[in-house]
Amino acid sequence: MPDQRREQWTSRAGFLFAAIGSAIGLGNIWRFPYVAYDNGGGAFLIPYLVALLTAGIPLLILEYAIGHRFRGAPPAAFRRLSRPTEAIGWWQVAICFVVAVYYAVIMAWAVRYVGFSFGQQWGDDPEKFLSAKFLQAADAPGGISTYVAGVAWPLIAVWVVTLGVLALGIAGGIERANKIFIPLLVVLFGILVVRALFLDGAATGLDALFSPDWSKITKGGVWVAAYGQIFFSLSVGFGIMITYASYLPRRSDLSGSALVAGFANSSFELLAGIGVFAALGFMASASGVPVGEVAASGIGLAFIAFPKIISSMPGGDVFGVLFFGSLVIAGMTSLISIVQVVVSAVQDRFGLGRLTSVLGVGGAVAVVSIAVFPTDQGLYLLDVVDHFINQYGIVLAALVVLVVVAWALRRLPAMQEHVNTASAVRVGTWWRICLGVVTPLMLGWMMWDSLRGEFAENYEGYPTWFLNAAGWGVAGAVIVVGVVLALLLRRRATTDEADPAPAPGAVEKGAR
């Protein structure tokens with residue numbers, strides 16, 4: 001069999017910790033709270049739950065099924081599904097390469113901000129400190145003129161840890177690391193939330209987050225936001241779950257694992273919302289302004305709003321260490337999973353050993369990251385590349401996968417049979433309807449909604465040439481890379497074209 005020597009998770013718990021670690025990332029902490037607040041507060045939980053049940057968990061089950069049945073990273077798995085679809089797999093690998101390159105630098109920022117929390121070294125103007133002093137960002141997008149050592153050194157450390165974990169393998173590295181990181185993350189963030197709840201004004205923040213605005217759930221944009229949040233927070237669409245599932249034993253509860261991972265991810269998002277808005281309520285009360293005036297998301301929340309909160313609260317140093325430490329851990333587990341897709345794809349296709357693949361391919365990702373992003377253009381590049389690779393890379397790739405698997409190849413019934421053969425929790429017709437109709441329509445709607453805004457005005461007011469180069473150019477390049485790699489490797493001799501699906505009822509020891 002093609003996967004005779006393939007590494008495996010040592011237990012179902014190990015796989016779940018890794019899958020949950022991949023799903024829980026920066027978006028859970030700095031994106032979900034604001035998206036919920038801005039789209040109806042407590043009322044947003046209804047479209048959010050609908051999106052989880054009709055898109056998030058069904059997509060997780062599909063990706064688990066593809067990886068588990070075809071025993072490979074995206075290129076190998078899609079090649080075994082149908083040889084012409086190998087390009088989709090390499091497209092997803094290229095997306096992971098790009099995401100890893102910039103995602104790591106945010107980890108480096110968070111590492112530095114753990115230190116900056118002692119004595120609130122950002123001073124009275126955290127925004128100026130971030131852009132001018134720490135990142136040394138240029139006044140406008142352009143050519144790179146300054147290399148920022150203060151970002152480069154922690155970035156190198158992030159990559160040393162990431163590649164070190166990957167070099168130790170699936171069981172000895174990724175599984176063991178997630179069994180440490182995920183409980184630690186829950187403990188750290190749990191302490192942070194409890195502390196935030198006892199701040200003056202915390203109730204005001206929670207009221208702003210959870211008070212339902214029922215009028216908003218009749219608006220299409222709110223449903224787009226709900227599906228977008230579920231989609232981006234579950235690590236679906238760019239091959240991570242296909243890769244992780246390929247290391248499962250033959251007999252594994254795919255649908256049950258997807259339910260656990262999906263609800264664990266959403267539970268952490270709710271916890272993050274409570275902690276973030278309790279802190280924002282404190283800030284609003286201290287400043288004498290409504291919560292809406294201090295609410296933010298993304299980099300603005302993490303590196304500008306939260307430093308202001310930390311500076312104005314008693315025991316701010318400890319709060320800062322907890323918050324930025326949580327960002328580091330949440331981001332690290334996601335980064336490890338992203339780079340593993342690239343490493344595994346190269347291992348599968350070229351038969352290289354793990355250490356060689358990690359040092360070669362993972363090292364290449366690290367070199368690009370360290371060369372480009374600790375510069376005066378790093379902030380602008382990160383913002384634009386992240387926006388375009390998410391909207392027109394990950395979302396589009398997921399849409400193409402569904403169209404190909406459900407409509408062109410008509411393989412959903414076969415995938416359903418595989419899931420039900422392997423799992424304790426059976427999936428039925430609803431699963432095929434969700435993946436064949438509901439999810440493609442919602443992803444298509446998300447694409448259309450995003451494109452309308454894109455063509456109405458330049459993203460964040462950036463110059464057109466910069467958006468074409470760092471935005472549309474990167475999103476288009478990953479597609480070209482996927483197709484070219486598939487064509488170049490098409491004639492390479494291979495012995496793994498057969499469908500390696502297990503015989504019905506086959507049982508192996510392991511993650512059960």
Side-chain angles (χ1 to χ4, degrees), residues 9-33 35-36 44-45 47-65 67-68 174-194 226-238 240-245 247-248 252-276 325-338 340 419 423-425 427 431 511-512:
W9 307 104
T10 61
S11 65
R12 184 187 181 196
F15 167 70
L16 284 172
F17 273 119
I20 292 168
S22 176
I24 295 177
L26 299 177
N28 299 71
I29 297 173
W30 75 17
R31 190 175 189 271
F32 171 78
V35 170
F44 178 76
L45 296 179
Y48 177 83
L49 183 61
V50 171
L52 175 65
L53 296 176
T54 62
I57 290 174
L59 269 170
L60 271 181
I61 294 173
L62 176 63
E63 294 205 348
Y64 287 176
H68 182 252
I174 298 174
E175 182 175 339
R176 184 174 297 174
N178 278 283
K179 283 183 175 180
I180 296 171
F181 287 154
I182 298 305
L184 180 60
L185 173 62
V186 172
V187 170
L188 289 180
F189 209 81
I191 296 172
L192 182 149
V193 170
V194 171
Y227 276 84
Q229 178 59 34
I230 285 295
F231 183 82
F232 290 126
S233 70
L234 281 178
S235 293
V236 291
F238 51 125
I240 293 173
M241 294 308 171
I242 292 175
T243 304
Y244 271 9
Y247 298 106
L248 280 168
S252 299
D253 188 356
L254 304 180
S255 53
S257 297
L259 287 167
V260 172
F263 281 106
N265 175 73
S266 294
S267 298
F268 189 86
E269 287 194 320
L270 288 173
L271 182 68
I274 292 170
V276 167
S326 296
L327 285 186
V328 172
I329 296 171
M332 185 64 69
T333 55
S334 295
L335 179 62
I336 289 168
S337 69
I338 295 167
Q340 173 60 29
V419 170
S423 306
V425 181
V427 297
W431 183 73
R512 191 66 160 133

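Being a predicted model, the structure only gives us computed values, none of them experimental.
- The two residues L188 and G325 make their nearest non-hydrogen contact at CD1-C, 4.5 Å.
- Legend: residues meeting ring-ring contact (aromatic ring centres under 6.0 Å, His included) with F231, ordered by chain and number and at least two apart, are absent.
- Atoms CG and CG, on L60 and L234 in that order, are 5.0 Å from each other to the nearest 0.5 Å.
- Atom OG of residue S266 and atom CG of residue L49 lie 8.0 Å apart, to the nearest 0.5 angstrom.
- Within the 4.5 Å cutoff, no side-chain heavy atoms of S252 are placed close to those of Y64.
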**Request:** For I182 and T333, run side-chain contact (heavy atoms from CB on, under 4.5 Å): C-alpha distance rounded to whole Å, both residues' side-chain angles, the deciding distance at 0.1 Å, then the answer.
**Result:** CA-CA 8 Å; I182 298 305; T333 55; 4.1 Å; yes
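- The CD1 atom of I24 sits 11.0 Å away from atom OG of S326, with the distance rounded to the nearest 0.5 Å.
- Rounding to the nearest 0.5 Å gives a distance of 11.0 Å between CG of L185 and CD1 of I20.
- Side chain of S423 to main chain of L254: a donor-acceptor pair is present (N/O by atom type, distance under 3.5 Å, no hydrogens or angles).
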**Request:** Apply the test side-chain contact (heavy atoms from CB on, under 4.5 Å) to residues L52 and F263: give CA-CA distance (whole Å), side-chain angles for both, the deciding distance (0.1 Å), then the verdict.
**Result:** CA-CA 8 Å; L52 175 65; F263 281 106; 3.7 Å; yes
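- Not counting sequence neighbours, the partners of A177 by the side-chain contact (heavy atoms from CB on, under 4.5 Å) test are V165, F181.
- Q340 contributes atom CD, which lies 10.5 Å from atom CD1 of I240 (distance to the nearest 0.5 angstrom).
- In this structure F32 satisfies the ring-ring contact (aromatic ring centres under 6.0 Å, His included) test together with Y48, sequence neighbours excluded.
- Judged as a side-chain contact (heavy atoms from CB on, under 4.5 Å), and not counting sequence neighbours, the contacts of P33 are V276, F277.
- Judged purely by atom type and a 3.5 angstrom limit, E175 uses its side chain to pair as donor or acceptor with the backbone of T10.
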**Request:** Begin from the C-alpha positions of D253 and S255 and carry the test side-chain contact (heavy atoms from CB on, under 4.5 Å) through to its verdict.
**Result:** CA-CA 6 Å; D253 188 356; S255 53; 3.7 Å; yes
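- By the 30° and 60° cut-offs, the orientation of the rings of F268 relative to F189 is tilted.
- By the side chain to side chain donor-acceptor pair (under 3.5 Å) test, Y227 pairs with T54, sequence neighbours left out.
- K179 approaches S11 most closely through the heavy-atom pair NZ-OG, 3.8 Å.
- Taking the salt bridge (Lys or Arg N to Asp or Glu O under 4.0 Å) definition, one finds that E63 meets it with nothing, sequence neighbours left out.
- Residues that satisfy the side-chain contact (heavy atoms from CB on, under 4.5 Å) test with I274, not counting sequence neighbours, are V193, L197, L206, F210.
- Under the side chain to side chain donor-acceptor pair (under 3.5 Å) criterion, S235 pairs with S22, not counting sequence neighbours.
- For A18, the side-chain contact (heavy atoms from CB on, under 4.5 Å) partners two or more places apart in sequence, or in a different chain, are W9, I174, N178, Y244.
- Listed by chain and number, the residues in a side chain to side chain donor-acceptor pair (under 3.5 Å) with R176 amount to none (sequence neighbours excluded).
- Proximity of V236 to L62: side-chain heavy atoms (C-beta onward) are nowhere separated by under 4.5 Å.
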**E269/R31 under side-chain contact (heavy atoms from CB on, under 4.5 Å): CA gap, chis, key distance, verdict** = CA-CA 9 Å; E269 287 194 320; R31 190 175 189 271; over 6 Å; no
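- Distance alone, capped at 3.5 Å, places no donor-acceptor pair between the S334 side chain and the L26 backbone.
- With sequence neighbours excluded, the residues forming a side chain to side chain donor-acceptor pair (under 3.5 Å) with S257 are R12, listed by chain and number.
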